[in-house]
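For reference, the structure discussed in these notes is given below.
Since the structure is predicted, the reported quantities are computational estimates derived from the model, not experimental observations.
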Amino acid sequence: MINCLWLIPALPFASATLLILFGSSLPRRAVAAVGAGSIGLSALVTGLIAIGFITAPPTGHAFTQILWTWMSVAGFEPQIGLYLDALSLVMVLVVTFVGFLIHIYSAEFMIEDEGYSRYFAYMNLFVASMITLLLGNNLLLLLLGWEGVGLCSYLLIGFWYRDPVNGRAASKAFIVTRVGDCAMMVALFLLFTQLGTLQIQDLMHRASVQWLPGSTWALAAALLLIGGAAGKSAQIPLQVWLPDAMAGPTPTSALIHAATMVTAGVYLIARTHVLFSLAPAAQSAVAVVGAATLLLAGFSALTQHDIKRILAYSTISQIGYMFLALGVGAWQAAMFHFFTHAFFKALLFLGAGVIINAVDDEHSIFRMGGLRKELPVAFWTFLAGGCALAGLPFITAGFFSKDLIIWQAWSAPGGHPSLWMAGMLGAGLTSLYTFRLIFRVFFGPLGTPVTKRPGYAMTIPLVILAALAIVGGYLKEPLLAFLHSALPATIEAGAGRLTETGSEAIAGLLFLVGLYLAYLFHLQKRSLADSLVANPIGRALDQWWFAGWGFDWIYDKAFVQPFIWAANVNKSDFVDAFYTGIGRIADASYRWLSSTETGRVRWYATAMAAGSVLFIAMAYLIAKVWFV
């Protein structure tokens with residue numbers, strides 16, 4: 001079965017092509033069957049391959065399938081080849097399975113949209129591109145999938161393109177991530193020129209042989225890869241695109257946040273972990289970026305009103321935890337958190353979609369309320385996802401994975417008490433903003449009345465994901481053991497008097513503190529929350545965090561406005577004047593020639609005869625000069 005590895009990306013690619021070419025002429029039921037069915041088949045193939053991989057692992061615990069040689073230029077021969085090991089298998093399992101549930105949900109959620117077939121074509125291309133990224137055996141093929149998910153995110157964020165706001169959000173996501181993509185491309189050039197290959201496994205081997213720890217080349221390549229990863233995964237300083245990406249359909253947000261796009265940067269660093277091990281400074285930078293990002297996003301989530309923007313900042317924060325783990329060398333912990341995060345974050349976004357649909361497209365949590373009895377399935381499943389996100393101790397998946405990261409931020413060789421404290425503070429913030437959201441939406445007096453309730457296609461994925469958000473954490477030990485063949489285990493350097501149990505106890509206490517504060521300010525005495533922003537300092541902090549700590553303002557002043565000024569200054573340079581002159585000559589010629597269109601046949605015949613005589617005369621003169 002493992003020889004059918006190529007089917008995993010081929011099925012969604014084929015369905016996307018079919019929908020692009022013929023989707024508009026197919027009935028909606030057929031579009032949904034093709035769109036969701038192909039992802040379901042891809043998930044089934046992945047599951048069968050996983051069973052074979054686990055029960056009878058290939059030699060070296062990895063399998064390579066070469067389909068063909070992509071190109072051959074001066075000894076550079078990248079292949080269309082697939083590489084499967086424990087790391088890529090776990091990620092592909094999550095992408096295909098969670099993607100399948102999101103597609104089932106989408107079949108009902110998008111049923112009334114005029115772009116139904118176009119939506120599924122984009123979504124399937126998105127999944128296919130992500131699978132290509134994960135299975136590519138060389139960095140050039142990985143880059144192809146990398147750019148594919150960037151394109152699809154642009155298409156899906158701006159799906160409702162008639163609204164200029166959506167178009168701007170899509171353009172912002174595309175432009176900001178391109179900054180990181182440029183850094184990644186430079187990294188690929190550097191790696192190829194220095195090591196002579198882009199085959200990932202060969203590249204990592206050559207790097208470990210030819211470069212000493214702390215090598216300048218290793219540091220430069222790793223820092224450039226961080227730029228690419230930060231762009232795709234929305235980490236400081238390229239995190240500004242993700243909150244605005246909520247302009248797209250809600251299932252699109254679930255796919256971007258849970259299974260594709262933002263997890264690509266995490267995978268890139270994990271896949272090239274050998275390179276980061278040779279560049280300790282770059283690896284430490286990953287940890288610092290992750291710690292700073294998880295705190296920045298956590299404070300911003302506290303002030304948002306839009307339910308989807310709260311979840312967007314939550315994703316930025318949780319990806320920050322994954323970067324923190326990667327930076328301290330807790331490779332397996334990072335991937336374990338990716339695994340659990342995919343379930344509860346997809347659940348929360350899909351639950352948000354049910355809520356938004358039910359209250360007539362209302363997004364503000366302050367105009368909701370009292371939905372606990374109106375939408376019982378959405379409430380209980382959203383509560384399960386929220387508890388997993390906040391880390392309800394010893395019950396939900398998020399507790400097991402996030403607290404493992406926090407502990408190893410202290411105990412791992414690259415760990416430090418300050419990183420541990422950042423993780424702990426982030427845990428408290430997560431509990432606070434999560435239950436703020438839950439109390440505002442589901443409790444208190446009824447806000448916007450419910451006008452629509454979900455059907456089975458939207459409800460079943462919620463129930464399945466809620467179950468996984470609870471039980472997924474209990475797969476900790478087998479999953480970490482499985483990942484050991486692809487990623488090194490974390491060697492704990494000692495933690496002094498603090499034990500893992502002690503760290504978990506502190507995290508559990510912070511969970512309760514966040515829950516109590518959310519209950520106090522957003523359910524029991526909501527006037528207290530208003531009083532916090534009534535004074536000048538509170539209002540300033542609220543506005544600052546609400547605006548994402550002013551990053552958009554900084555970028556507007558530092559880059560956008562200077563570029564616009566330079567473009568305005570340069571709009572009338574001599575190059576533009578030359579082409580403007582050509583345009584004006586063409587326009588004048590058109591106006592003169594159009595005046596000859598009189599409708600008089602004799603004038604037309606005379607002009608044709610005169611032109612013929614002139615053409616023959618010119619041909620005669622040219623021939624005479626040429627042959628003399």
Distance, nearest 0.5 Å, that separates [atom1] of [X] from [atom2] of [Y]:
X    : Y    : atom1 : atom2 : value
I406 : S411 : CD1   : OG    : 12.0 Å
T46  : L41  : OG1   : CG    : 10.5 Å
M458 : T250 : CE    : OG1   : 8.5 Å
N138 : E77  : CG    : CD    : 12.0 Å
F339 : L483 : CZ    : CG    : 9.5 Å
D181 : L238 : CG    : CG    : 10.0 Å

Counting distance only, does the side-chain N/O of [X] pair as donor-acceptor with the main-chain N or O of [Y] below 3.5 Å?
X    : Y    : value
T499 : G502 : yes
S431 : L515 : yes
S233 : G265 : yes
H273 : A270 : yes
Q65  : N3   : yes
S208 : H205 : yes
T430 : G426 : yes
Y105 : L350 : yes
T396 : G391 : no
S317 : Y313 : no

If I compare all heavy atoms of [X] with all of [Y], which pair ends up nearest, and what's the gap?
X    : Y    : result
P58  : I2   : CG-CD1, 4.5 Å
Q332 : L487 : NE2-O, 3.1 Å
F343 : A469 : CB-N, 4.2 Å
A254 : A346 : CB-O, 4.3 Å
A333 : Q408 : CB-OE1, 3.6 Å
S401 : T340 : OG-OG1, 2.7 Å

*List the steps and the verdict of side-chain contact (heavy atoms from CB on, under 4.5 Å) for E504 and W407.*
CA-CA 8 Å; E504 290 177 344; W407 162 243; over 6 Å; no

Any [X] side-chain heavy atom under 4.5 Å of [Y] side chain:
X    : Y    : value
T197 : R206 : yes
L326 : V266 : yes
M424 : S503 : yes
L462 : F382 : no
F400 : P393 : no
L225 : I269 : no
E147 : M185 : yes
L392 : I395 : yes

*CH2 (W211) with more than 12 external heavy atoms under 6.0 Å*: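 For W211, atom CH2 is crowded (more than 12 foreign heavy atoms under 6.0 Å).
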
*asked:* Is it the case that atom CH2 in W6 sees more than 12 heavy atoms from other parts of the structure closer than 6.0 Å?
replied: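 It does not: W6 CH2 has 12 such atoms or fewer within range.
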
*With side-chain contact (heavy atoms from CB on, under 4.5 Å) as the test, would you mind laying out the steps for T64 and Q79 before giving the verdict?*
CA-CA 11 Å; T64 301; Q79 301 165 328; over 6 Å; no

*asked:* Less than 6.0 angstrom separating the ring centers of F53 and F63, yes or no?
replied: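 Ring-ring flag for F53/F63: false, centres at least 6.0 Å apart.
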
*Compute the ring centroids of Y516 and F435, then answer whether they are less than 6.0 Å apart.*
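No.
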
*asked:* Taking the six-membered ring of Y321 as reference, does the cationic atom of K402 (NZ for Lys, CZ for Arg) lie under 6.0 Å from its centre and within 45° of its axis?
replied: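 Relative to the ring axis of Y321, which defines the angle, K402 lies inside both limits.
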
*Considering only NZ, NE, NH1 and NH2 on the basic side and carboxylate oxygens on the acidic side, decide whether K476 and D403 come within less than 4.0 Å.*
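Salt bridge absent between K476 and D403.
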
_If only side-chain N and O atoms count, and only distance matters, is there a donor-acceptor pair under 3.5 Å linking W331 with T490?_
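The criterion, which ignores hydrogens and geometry beyond distance, is not satisfied for W331 and T490.
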
*Begin with the C-alpha distance, continue with both residues' side-chain angles, and end with the deciding distance and a verdict on side-chain hydrogen bond (donor to acceptor under 3.5 Å, both in side chains) for H61 and S485.*
CA-CA 7 Å; H61 297 281; S485 62; 4.7 Å; no

*Parallel, tilted or perpendicular, as decided by the 30° and 60° cut-offs, for the rings of H341 and F344*: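 Plane angle over 60°, so perpendicular.
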
*Would you please test I102 and F349 for side-chain contact (heavy atoms from CB on, under 4.5 Å) and show each step?*
CA-CA 10 Å; I102 293 171; F349 268 106; over 6 Å; no

*Report the C-alpha distance between T263 and K232 in whole Å, list the side-chain angles of each, state the deciding distance to 0.1 Å, and finish with yes or no for side-chain hydrogen bond (donor to acceptor under 3.5 Å, both in side chains).*
CA-CA 8 Å; T263 60; K232 277 291 187 288; over 6 Å; no

*Candidate list L255, T260, I39, test side chain to side chain contact (heavy atoms under 4.5 Å, CB included), partner M123, passing option*: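 It is L255; the other options fail the test.
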
*Among L139, V274, T272, L275, the one residue meeting side chain to side chain contact (heavy atoms under 4.5 Å, CB included) with L203*: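 Single pass found, and it is L139.
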
_Intermediate values then yes/no, side-chain contact (heavy atoms from CB on, under 4.5 Å), I460 and I104_ = CA-CA 9 Å; I460 291 173; I104 293 175; 6.0 Å; no

